[in-house]
2 protein chains.
Amino acid sequence: MAAQSVGRRERVRQATLAEIRAAARRLLIEQGSQAVTINAVAREMGMSGPALYHYFAGHDELVGAVTADFFRELTAAVEAGRDSHPPGEHGPRLLGACRAMRRWAVTHRAEFGWVFASPITAERRPDSPRELAGRDFEQVFLEEVAELWRSRPFPVPAPGELHPSIRSQLRAYADATGMGLPVEAIHVVMSCWIRLYGLLCMEVLNQLDFVYPDMEAVFEECLREIAPRLGLDYEGPSDL
Amino acid sequence: MAAQSVGRRERVRQATLAEIRAAARRLLIEQGSQAVTINAVAREMGMSGPALYHYFAGHDELVGAVTADFFRELTAAVEAGRDSHPPGEHGPRLLGACRAMRRWAVTHRAEFGWVFASPITAERRPDSPRELAGRDFEQVFLEEVAELWRSRPFPVPAPGELHPSIRSQLRAYADATGMGLPVEAIHVVMSCWIRLYGLLCMEVLNQLDFVYPDMEAVFEECLREIAPRLGLDYEGPSDL
DNA sequence: TAAGAATACTTAGAGGCATTAAGCAAACAT
DNA sequence: ATGTTTGCTTAATGCCTCTAAGTATTCTTA
């Protein structure tokens, strides 16, 4: 009897959900995160106020859903950047993923800032869409790095060189995630990640524009410094 | 007739201003930045609502004043850390300043996050207390680095190695601030600053606690990597 | 196909926040 | 002693979140 597996009702509901998130995003882009309120979103789409509570339990959940959207979009962009190089070439694939991440960040400043520079809002449950999408995002990089390690291990510090505190924390993390890399390798990866990600956070938080209004070259320099630590050959961006 | 130069009235006013900022800070620490509202602050000190508008033009100005307080306190802490080493020893003084900055950040997480991870609120006028105090803070590091450079120049990249975009932006910055350092030296300083500051931002934004619940050692490692780039000898923290 | 149930939405309302306006009382200046 | 300035109050507007109650539409099913 059902021409489609989900039923018309559910389809309409999903469409409305998508429309709500789109309206919220529009408000974010055009008027800033402060403007993304339940009332404003409802108004934006011709509904009035409390109707949205049929779709989201409250403001926080709406925010979380929108954030998850952004994470998924960013993940897709990063995967596309990665896949612009053939499967075996882990070096170019990683650099492509990093560049895609920044490109998405600078072409979607409001969204990136919303995701990463948010005041770490309410206690986040590990099974919320936001956290799920966040882990998927991390996964893209972690997987590629793990494959890189397996195909061509990069140089790591000697076991004794690692500070005991860092070692034990990495040990706990490796055990918890079941990642196959030795702690020394994770350490190298994390220090690269911290530099890259920290730079991006500062760019989006406008903490550096007093000296660098345009950070493209600074980012490339960061990549050039990071690449050899992962045993990669740095290559300039393909669009140069 | 005035026994004191400022007059009793003005003194009382200043005391009330200080009390307001203190109440705002208490709310921030105990209930988060969201709780710092005009009404809540007024209630906190037994006044009712609109009274605060005799002291601050609005919510934004109150926020700015509190931020300036934090900047000043952080600046004093950094200066103290710097001055725990004699005036001529620029290396230890710089490391001391960096460590003091992190110590203040981790012992005042709410305040540091408020200052540095804020959504870069309203358009900031360059003469606001917040911006003034912010520049004073930067100045502490810049001055010490400039003295270091003059007393013992650190290695810099050859002029041709600098990306033209980076070079021209640094040129503009150097000209605007009238700092006496060559652009290559500023470049080294900035890349060190970005790493240090980016790490701190990520720590306070809780972006790294999924792997590093305790980042003390990670920070020291960052210092150890940065020190040689400024021609400094890294020395472990004094409290070890 | 005619109830009955679920769904989508509405308005009303409580309580909080930012901010302006109007007013009162104490402190100050002359 | 008087008039002004200052510190505060309450009232009121308009926005926000969120709950409650009610209506209409759609789906289900007997």
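Note on naming: letters A, B, ... go to the chains in the order of the sequence lines (proteins, then strands), and numbering restarts at 1 for each one. For clarity, every value in this text was computed on a predicted model and none was experimentally measured. Keep in mind that the numbers below use all heavy atoms, side chains included, and drop hydrogens, waters and symmetry copies.
Taking CD1 of I186(B) as the reference point, atom CE of M179(B) lies at 4.0 Å (rounded to 0.5 Å). Between atom CD of residue E73(B) and atom NE2 of residue H108(B) there is a gap of 5.0 Å, rounded to the nearest 0.5 Å. To the nearest 0.5 Å, atoms NE2 (H187(B)) and SG (C192(B)) are separated by 10.0 Å.
Between R13(A) and the phosphate of dA8(C), there is a side-chain N or O to OP1/OP2 separation shorter than 4.0 Å.
Extent of DNA chain D lying under 4.0 Å from chain A heavy atoms, first and last nucleotide in 5' to 3' order, is dC16(D) to dC27(D).
Note: Y173(B) and F210(A) have perpendicular aromatic rings, judged against thresholds of 30 and 60 degrees for the angle between ring planes.
Between the CD atom of E10(A) and the C1' atom of dA6(C) there is a distance of 13 Å, given to the nearest Å. Rounding to whole angstrom units, CZ of residue F56(B) and P of dA18(C) are separated by 14 Å. Taking atom CE on M47(A) and atom C1' on dT10(C), their separation rounds to 11 Å, with Å as the unit. Counting to the nearest Å, the P atom of dC17(C) and the CG atom of N39(A) are 17 Å from each other. Here the P atom of nucleotide dA25(C) and the NE2 atom of H54(B) are 16 Å apart, to the nearest Å. Atom pair R43(B):CZ and dA18(C):P shows a separation of 9 Å (rounding to whole Å applied). Protein atom CD1 of I20(A) is 11 Å distant from nucleotide atom P of dA8(C), rounded to whole Å. For the pair L52(B) CG and dT20(C) C1', the interatomic distance rounds to 15 Å; values are reported in whole Å.
Across all strands, G49(B) comes closer than 4.0 Å to no nucleic acid atom at all (heavy-atom distances). The residue H59(B) sits close only to the backbone: its heavy atoms come under 4.0 Å of sugar-phosphate atoms, none of a base. In this structure, Y55(B) reaches the sugar-phosphate backbone alone: every heavy-atom distance under 4.0 Å involves primed, P, OP1 or OP2 atoms, never a base.
For E220(A) and R99(A), the salt-bridge test passes: some basic side-chain N is under 4.0 Å from an acidic carboxylate O.
Residues Y197(A) and F116(A) place their aromatic rings such that the two centres sit under 6.0 Å apart.
Residues Y55(A) and L62(A) have side chains not in contact (no heavy-atom distance under 4.5 Å, counting atoms from C-beta outward).
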